[in-house]
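Chain A is the first sequence line, chain B the second, and so forth, proteins listed ahead of strands; every chain is numbered from 1.
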Amino acid sequence: METTINVQVRVNGAARTAAVPARTSLADLLRDHLALTGTHVGCEQGVCGSCTVFVNGVSTRSCLFLAAQADGTEVVTVEGLTPVEGLSAVQQAMSDDHALQCGFCTPGFVVTITEMAASGRLIAMDEHAIREELGGNLCRCTGYQGLVAAALHVRDELRGELS
Amino acid sequence: MKPAPFTYVAARTVDEAVRLLADNDDAKVLAGGQSLLPLLNLRMARCEALVDIGRIAVLTDVKVTGDVLCLGALVRHTRLEHDPDIRSAHALLAHVVGHIGHRAIRNHGTIGGSIAHADPSAELPATLLALRGSVIAVSTSGRREIHADDLFVNHFQTSLADNELLTLVQIPLARPTQSWGFYEYAPRSGDFAQAGAIVTIDRSEAAPQVAVTWFATGATPTRVVLDELSAVANQVSAGASGADPAVRKTLTDAYDRSGSDSGKQMLAVTVATRAFQRAAQSNPAVTSRTGGLN
Amino acid sequence: MTLAAKVPPTDPLPWVGRHIPRREDTRLLRGEGTFLADLVEPGDGHVAFARSPIAHGRIRRVDVTAAAKMPGVTAVFTANDFGTIGRIGALTTPGEAFSDAYQFSMTDDSLEYLASDVAQYVGQPIALVVAASRALAEDAAEMIDVDIDPLPVDDHDQPKTAEMSFELGDPPTNPDALTTVDLELYMARHSAVPIETRGVRVVATDSHIRLTTSTQIPHFVKRAIVAATELEEDELHVDVADVGGGFGTKANVYPEEVLLAVVCARLRSPVVWIEDRTEHFLSAAQGRDQRQRVQLTVDADGFIRSLQIDLSIDLGAGSLWTAGILANSCIHLLGPYRLPHVKVHGYTHLSHRTPSAQYRGAGRPEACFALERALDAAACKLGMDRYEIRRKNLYLSSEFPVVLGIPYRDGVPISFDGGDWQQCLDDAVAMLPPASSDDRATEHEVIGWGTSCLLEATGRGPYESARIWVQRDGRVQLMTGGASAGQGHETTFTQVVADSLGVDPSQVDVHRATTDGLREGVGTFGSRTAVLAGNATHEVAGELRRRLHRAIDAPHDAELHITTDGVTFDGLTHRWDDILDTHGDEAFDVTQLFSPTTVTWTMGAHAVLVAVDPGTGATRVLDYAVAHEGGCDINPGIVLGQLYGGVVQGLGGALLEQNRFDEQLQPTAINFADYLLPTAQDAPNIVVRSHHIPTANPLGVRGVGESGTIGVYAAVASAIDDALGRLVDRPSESGVFVTSTPMNAEYLRHLIANANEPAT
């Protein structure tokens, strides 16, 4: 028997409520109930990384997180990382470095690289460490070359700001 | 795929959680969800009720009691990786966590969940076994301690009863006479291992011991004590190669005794040899390191 | 949009050839892309399928009673509800000239769009449920009771579906004085696995059905649905949303597309199906799965004297691209080398595995693997350098055009043109020279180096369409039949229009292909779209320009200044409203087909450095180099992206990926834990050097979509041989030689164990 759960969650800074079946994932809550379709679903088993969002500040597979678990949390999606106009520094670097082709995995990479930068880890990373961090997101188009280059550029910008 | 329907309750206390488990014949515990939710999504696992323990704050406690590190079941992999207190209590935990999945998985995966899930190719159950740890299980009828030796029964199967909640993971603190080495082979970094080994060397005069714990080689992690290797271990730490045929021979015999999958013998011996080499080379009496190199 | 941001619009350079940022990027990076699943609306009927649980079986009964009573279910359909079940037929059939030259024969291996009597593979649709949500539809689909009697799944004596052969030149007269290698090779089944799964949404109006699908070929989808169902040509429109990767698996027509169209036509309400990952591994088309027996004869100097190959391809339960896959495999065995004698025989056969389509390369990587493996074996036997044997046998620039006495798939005699193929190989080797040690290797690893050459027919016809028109606001609109699956068409075609019409790129909008916006179209696959849709775009833009000249009475060579305001000539601006009122909007709405004379050839050379751990069998790819002889690059950044992505996809197939099946032909790699895609950690840094050798089409472009992938398998195999050879005394006799893919750790451990066996 389907049970319904009431969820209150702050998404991209705004308080949102929804009544959803208990089995609803956070990904489906965002996409189907809150009309935030920037978060993509590619495998529903936590491997591809396309559905990655922030929950309470840490990257989260929204396909492996129930909407019910998100009750009372702060969620940030790719839409929340995007300025009103134009692109964030991470997004701009990804465009400059040809870090996307079809664009389906892209929002997950935006979240992952943003977390690397915001957590302070990226600034100390070499290419090997960057590849390891990006290893949790699958991309089938780019061969990762542009993604690694974009992360390196974001890192170099962070280092420039520091010095 | 979407999961089959279930009810969901977020327990606020351990008492409430174990009461819910007692009241529901077909309930599953949801901790970090990083192993359970994929199985539910694929409909490879089903349950009538999910009892979410993720909001029980007491289960995130970390403390040292005597010479034991006590980790609440909800301690996340990321915390094992970065918490300096946990690192200094036993650096092997942080080391193995680096091999589990990727960042977003480690942000939510929990030590209790991983151990209770008992995936034979997972690192944390093997670590618990290698470090002679135990867990505390609570139910409406009480609380009991289960030693790692008695915990892992079969693939994805532990001696926890359906109505028991794993609340605490207890790991003896690292001692200055101990060293360890870890090595696993996985097809890609972050994947479940195809074979892995943890070698522990205790050089204490009272009870010297070398042991190897294999994982991903059978239905459960298995630990084999290799007293006869102590001499070899000392040689290796004095500079002999870990690829010494005598070491390999001893490990091969030990693997055969372990009852693990014979088809994996070559790979299992290779990873154990490398783990052994690392353990032998990171003699805590000689270096300040408490563990092996990656 | 972003396009003009970085490049001042007054820049006088032509736009073609420039690495400008992609116009697609902003919306995709902002999370504002519109993929199929993003089109779902409240009230849509969600579809889930009951699929065959076994690989081959006679369907005795399908009971939907329980399913129909499940919560939220609005309809359940089985074969009984559709009367006669139509079939999805071949998407390519070769012409007479080809068939005659190759003694090509082909049987019908079309598949029913719903298994009515006999299920032919695990995952074939048998029934479907429409419900209020996907979850409820899955609940109900589980309750469909399919009573199915197993039939044999024997892999032997499966029927041949197509066969072809050819022989060129004469066999050597002195075989005893020559060296022959004889290999049996296998390239395992693997597949495209785009990160966006398939998906279909269909809506109905009073007059028609509009089907949106995640496809590379909307026009084929429309034609196939019309052929397989009672839907009329005028009743059905097919279009595409943003497509999240295709690589050939979405250049196919699927039962789900036909079924959703039929169901929507019945229900007259919107229905949607978003494939889940498990369904993808069960039922999205796969590729490769080719066995080859290769005999290569060389003289003492390493010159090729004869190549003889027999190959067979397991297409699974069927393929709509049988002729293409077989012909690609056989013809590309010609390679970039001088072959005084070549004899090829190949056939396709069925099995009860997942159906096949043209996965990136579609026969070309397999052919390259056969030819290059044989060259490595011959070099080894002669004690010759692997680079040297290739260099000796490559055609020289003085030999172009090389006209072979046999036609391509289009019936036109094959004629290789090119620049300097030896230079291409030299470049690859110069960028990544052989090495026997590397700082990055661990104490457990040995280093190996390998190389390969490839030649790819690209830009095959028969045609592609483009339509250009001008809106009242002066914005120039373009649509081509080449549907984009991430290739950046909005950017590249904008660059072409900017040059060929003479406008600023910011004035151009590129639309996705729709079958009502453009009646004719072929689609994007086979490294064809830059060549065909690119040139079609060039031609319609040129025609529009000529019409504007005439409309304002300007001399044909006069320079017009075309902006959103209007067309300015000789100081006078003709406003768009005036132009369009005078001549009619349709006068500036131009549709044309571009039909190439024949294919164009792209050559490349790869080099790779690997580190192999003999203890575990694991291979790490340290460095990769591609030298590439393409034509004019419309956008060099996009060309590089195709090469990088192609290489890493090839590495996946070479080292990790396999669609595996058990003895009962149950697929055993049906999720991302068992089917391993390469991650950023598995991918090397790739260096590319491009040579631009224009070719005989108006833009001078050559295709590039598959070149990155084709050479990888062979280069990696060569490098692994090299690494493993260091472990044994006499590699040429030890049997350390890669003969199959994937070259995963298990396979390498097997090779090593065999090599260490004492010789008997």
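Heavy atoms of other residues, nucleotides or ligands lying less than 6.0 angstrom from CZ of A:R159 number more than 12. For CD of A:Q8, the number of neighbouring non-hydrogen atoms (other residues, nucleotides, ligands) closer than 6.0 Å is 12 at most. Annotation: B:N154, atom CG; neighbour count of heavy atoms from other residues, nucleotides and ligands within 6.0 Å is above 12. The environment of A:D156 atom CG is dense: over 12 non-hydrogen atoms of other residues, nucleotides or ligands sit within 6.0 angstrom.
Heavy-atom pairs under 4.5 Å with chain B peak, among A:N137, A:D28, A:V41, A:V111, at A:D28. In terms of non-hydrogen atom pairs under 4.5 Å with chain A, the most contact-rich of B:T78, B:I105, B:L42 is B:I105.
Looking at B:L39, there are no atoms closer than 4.5 Å to chain A (heavy atoms on both sides), in backbone or side chain. No part of A:R131 comes within reach of chain B, as not one of its non-hydrogen atoms sits under 4.5 angstrom from that chain. Residue B:L30 touches chain A through its side chain alone, counting heavy-atom pairs closer than 4.5 Å.
Qualifying ring pair (Phe, Tyr, Trp, His ring centres under 6.0 Å) partners for B:H102, counting only residues two or more places apart in sequence or in other chains: none.
One distance of note links CG of A:D71 with CZ of B:R55; it measures 5.5 Å at 0.5 Å rounding. Rounding to the nearest 0.5 angstrom, the gap separating the CE atom in B:M1 from the SG atom in A:C43 is 13.5 Å.
A donor-acceptor pair is defined here as one N or O able to donate and one able to accept, closer than 3.5 Å; no such pair exists between the side chain of A:R23 and the backbone of B:F6. A donor-acceptor pair under 3.5 Å is absent between the side-chain atoms of B:N41 and the main chain of A:L64, judged by distance alone.
Pairs of residues two or more places apart, or lying in two chains, that qualify as side chain to side chain donor-acceptor pair (under 3.5 Å) and include a residue from residues 41-62 of chain A are A:E44-B:K2, A:T52-A:R61, A:S59-A:E115, A:S59-B:N107, A:T60-B:H108.
At a threshold of 4.5 Å between non-hydrogen side-chain atoms, the residues A:L66 and B:L37 count as touching.
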Mind running side chain to side chain contact (heavy atoms under 4.5 Å, CB included) on B:R103 and A:R121 for me, showing each step along the way?
CA-CA 12 Å; B:R103 175 72 44 201; A:R121 293 195 310 274; 3.2 Å; yes
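The two residues A:T3 and B:Y8 come nearest to each other via the heavy atoms OG1-N, 4.4 Å.
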